[in-house]
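The residues of the chain are indexed from 1 along the displayed sequence.
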Amino acid sequence: MNPQSDDNASRTILPWLLVFLYFPFLYYFGAKLSSLTYVDYPSFYSAAQLTFREGRSPYDPNVLSDAAGKSLAGRESPLSAASAVPGETPTNQRIYPYLYPPPSLLLFYPLSHVSYDMGKVAVLVLNHACLLLVVYVFLVKILGFAPRQVLCEVLPAALALYIIYSRGVSSTIELGQVNLLVLVLLCGAWWAWKYDRPDWMLALPLALACVFKIYPVLFIALLVMRRKFVAAGMVVALLLLAGGLSWVLLPHALWHDWLANVAPSCGYLRSPMGRIPPTLGTNVGIAGFVARLFLPPLVRMEDPRIGPALFPHPVIGRALAFLLVMMATVATLWAAYRSTRRGEKLTIRGLA
């Protein structure tokens, strides 16, 4: 057989294979919008409406119990009056507590100016755009594959399909979450770091990711260990600016309500606001794995518990989850430190 002809055949087939496999994904997690559960999107939308349209705190326990207590069983959502526009059906989906820190509300401001259904479509389009951006930035800008290689070579094409069909991606789209946007921002920061771009190009996307989610703040320690002090300082300054803006522009009760009602109920093997169990099947991290060992299983929000805990000792489970996360964090920081030292030794040898 001719290796050259086999190579040409694979280059011809792979692009069509990618298209063939991508469009079913686009159909099931795009065109069939009505079949998506969108569990998280209502909390984002309600928080934006309450904050920017009504001037109320989405962390107020009375607001939370009011909104979250309304089920789908023929009851109209408290958002009906705020979100309905002529000719559209008001949403009646169950609303779960909004748990993100107050600065994140600034990023959800656009949702306060669109109808519920329009916001659903916008979030869906944004998630699919972010998915394609993640594939492009990670494979082309970070790993260094040429766009033609992604389409015509087996390894990058397989990586692209692995990203697209990973459970975390489909779950994020199905729930109406913002994790793909956070991933785009982290990839952007990674690209800026790898190619030694100006510090602000590294700090800005990382700070935005930290506003959406708390865990990316760990990357500040990595910046310090890699002696990117200016970039680390910029991230901290931007986060302080976001906190200050949220204090000035948003209702003052927000910070008090979040610190008093939300923050104490969060943590490993805890149920935030008593409504979101950590054993959910979508919680795929270390804490989720440990929670399903030490707490009674509840794999979906509305399901009854399906049996007793395997090891009914939540205090031990909480300590174990914290220990495992700390071990992973220390291992990551140690690897970064070793990488820095190795780079310094190579530089010294080169100069010698």
Side-chain angles (χ1 to χ4, degrees), residues 39-41 43-44 47-48 51 57-59 64 96-109 130 168 171-172 175-190 193 202-225 231-247 250 254-278 280 282-291 318 321-333 336:
V39 170
D40 291 325
Y41 167 73
S43 69
F44 302 151
T51 302
S57 167
Y59 308 113
L64 289 174
Y96 292 98
Y98 181 80
L99 304 175
Y100 295 178
S104 63
L105 286 164
L106 297 171
L107 302 179
F108 288 112
Y109 173 75
C130 287
S171 178
T172 291
L175 298 176
Q177 255 289 352
V178 295
N179 296 328
L180 286 172
L181 177 56
V182 173
L183 189 55
V184 167
L185 293 170
L186 292 178
C187 284
W190 188 358
W193 188 345
L202 167 55
L204 182 59
L206 182 55
L208 286 173
C210 293
V211 171
F212 273 119
K213 302 281 187 178
I214 294 177
Y215 64 83
V217 298
L218 293 173
F219 288 103
I220 299 175
L222 283 178
L223 292 177
V224 172
M225 297 195 71
M234 284 184 175
V235 174
V236 173
L238 288 170
L239 292 178
L240 291 175
L241 176 63
L245 287 175
S246 69
W247 176 261
L250 303 180
L254 284 172
W255 273 101
H256 175 270
D257 287 345
W258 185 79
L259 291 172
N261 303 323
V262 177
S265 67
C266 296
Y268 299 126
L269 275 70
R270 296 185 185 275
S271 182
M273 300 299 298
R275 298 184 185 276
I276 304 175
L280 291 178
T282 51
N283 187 4
V284 296
I286 293 174
F289 172 76
V290 175
R318 195 170 295 123
F322 182 80
L323 178 63
L324 291 174
V325 171
M326 285 302 300
M327 288 173 60
T329 302
V330 170
T332 302
L333 294 176

- Item | Taking every non-hydrogen atom, the tightest pair across L206 and P216 | CD1-O, 3.9 Å
- Do you know the tightest heavy-atom contact between A203 and A231? CB-O, 3.7 Å
- For S246 and L106, the nearest pair of non-hydrogen atoms, with its separation, is N-CD1, 4.0 Å
- Do V235 and V217 have side-chain heavy atoms sitting under 4.5 Å apart? no
- Message: Heavy-atom count check: over 12 atoms from other residues, nucleotides or ligands less than 6.0 Å from F219 CZ?
- Response: no
- Which atom pair, heavy atoms only, marks the closest approach of T332 to A328? OG1-O, 2.8 Å
- Message: So which atom in P101 and which in S104 form the shortest heavy-atom distance, rounded to 0.1 Å?
- Response: O-OG, 2.5 Å
- Task: Would you check if V178 and F44 make a side-chain contact, meaning some heavy-atom pair closer than 4.5 Å?
- Result: yes
- Item | Gap between atom CG of L105 and atom CH2 of W258 - 0.5 Å precision | 11.5 Å
- Message: Treating W190 as the side-chain partner and L185 as the backbone partner, does any N or O pair qualify as donor plus acceptor under 3.5 Å?
- Response: no
- Message: A side-chain contact here means heavy atoms from C-beta on lying under 4.5 Å apart; do W193 and L222 qualify?
- Response: yes
- Item | Single hit among I220, L241, L223 for side chain to side chain contact (heavy atoms under 4.5 Å, CB included) with V236 | I220
- Task: Would you confirm whether Y100, through its side chain, and I214, through its main-chain N or O, come within 3.5 Å as a donor-acceptor pair?
- Result: no
- Message: So, taking the atom named CG in L250 and the one named CH2 in W255, what distance separates them when rounded to the nearest 0.5 Å?
- Response: 10.0 Å
- Message: I'd like to know if the side chain of D40 reaches the main chain of Q177, judged simply by a donor and an acceptor atom lying under 3.5 Å from each other, with no hydrogens or angles considered.
- Response: no
- Message: Using 0.5 Å steps for rounding, measure from the CG atom of L186 to the CG atom of L208.
- Response: 10.5 Å
- Query: Hey, does P103 have a side-chain heavy atom less than 4.5 Å from the side chain of L245?
  - Reply: no
- Item | Rounded distance [0.5 Å steps], CG in L183 versus NZ in K213 | 11.5 Å
- When rounded to the nearest 0.5 angstrom, what distance separates CE in M327 from CD1 in I286? 9.0 Å
- Message: Return the OG to CG distance between S43 and L99, rounded to the nearest 0.5 Å.
- Response: 7.5 Å
- Can the ring centres of F212 and F108 be said to be less than 6.0 Å apart? yes
- Task: Kindly indicate whether the side chain of V211, heavy atoms from C-beta on, has any atom under 4.5 Å from the side chain of L239.
- Result: yes
- D257 and S57 have their tightest heavy-atom pair at OD2-OG, 2.8 Å
